[in-house]
Amino acid sequence: ALALHQQGRPAADGRRSLGAMYASPNGRWVAVQTFEGDLPAVWIFNIRAGVMTRITSEAYGYFLGWHPDSRQILFRAEDVNIADPGLWIVNAHNGKHTYVGLPDLVAPEGLLDAAFSPDGSRIVYAITKGLGFGSQIASINLDGSDPVVLCADEALIASDLQWSPDG
């Protein structure tokens, strides 16, 4: 049985449903996407301890990917009572986060996907300005510096980004 440690506010109707699950690269943790009513939340399941803990009590959002070191995740923080929605790098074990400013990101829901590079030094991400605007794929350093647009297409929406193993 899993022990669920509730942090933050519960869903108004008390419902919690499970979404996808993502194993960490070292196999010791599983990120679990949940929905508390209509609000998305991410929990980390510690396989050895059998305990699942919400990664951050201050934000609702979506899991985007594990860092190769299995200590950090990419998280799309939704604009629900927080000052810095958008792309966060979150320490999966203590919930501390760093905001990554993405050029041209208009709203958090415009961040379609993101992934760490195999060496963990860069992030590739896809953004859109909305329906009918297509998307662009770019990469950026973890601190938000050196953004590089890799491609843009006015007709297509990019998602499910993955780096090749050699970067």
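For reference, positions follow the sequence shown, starting with 1.
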Closest heavy-atom contact between [X] and [Y]?
X: Phe75; Y: Val90; result: CB-CG2, 3.8 Å
X: Gly19; Y: Phe35; result: CA-CE1, 4.3 Å
X: Ser117; Y: Pro68; result: O-CG, 3.5 Å
X: Ala20; Y: Tyr22; result: CB-OH, 3.3 Å
X: Ala158; Y: Ala126; result: O-CB, 3.8 Å

Counting only pairs under 3.5 Å, give me each side-chain donor-acceptor contact of residues 104-115, with atom names and distances, residues two or more places apart or in other chains.
| unit_1 | atom_1 | unit_2 | atom_2 | d |
| --- | --- | --- | --- | --- |
| Asp113 | OD2 | Asp160 | N | 2.8 |
| Asp113 | OD2 | Leu161 | N | 2.6 |

Considering residues at least two apart in sequence or located in another chain, which fulfil the side chain to side chain donor-acceptor pair (under 3.5 Å) criterion with Ser159?
none
Quick one: side chain to side chain donor-acceptor pair (under 3.5 Å) partners of Glu78, sequence neighbours excluded?
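Listed in chain order: Arg76.
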In terms of side-chain heavy atoms, does Trp66 have a donor or acceptor partner in Ser24 at a distance below 3.5 Å?
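Checked: Trp66/Ser24 side chains show no N/O donor-acceptor pair below 3.5 Å.
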Parallel, tilted or perpendicular: ring planes of Trp88 versus His97, cut at 30 and 60 degrees:
parallel
Identify, with sequence neighbours excluded, every residue that meets side chain to side chain contact (heavy atoms under 4.5 Å, CB included) alongside Thr98.
none
Results of ring-ring contact (aromatic ring centres under 6.0 Å, His included) for Trp163 - residues two or more places apart only:
none
Report the C-alpha distance between Asp69 and His67 in whole Å, list the side-chain angles of each, state the deciding distance to 0.1 Å, and finish with yes or no for side chain to side chain donor-acceptor pair (under 3.5 Å).
CA-CA 5 Å; Asp69 70 5; His67 189 278; 3.1 Å; yes
Taking atom CZ of Phe133 as the centre, does the number of heavy atoms from other residues, nucleotides or ligands within less than 6.0 Å exceed 12?
no
side-chain hydrogen bond (donor to acceptor under 3.5 Å, both in side chains) pairs, two or more places apart, involving residues 126-151:
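Listed once each, the pairs are Arg122-Ser139, Arg122-Asn141, Arg122-Asp146, Asn141-Ser145, Asp143-Ser145.
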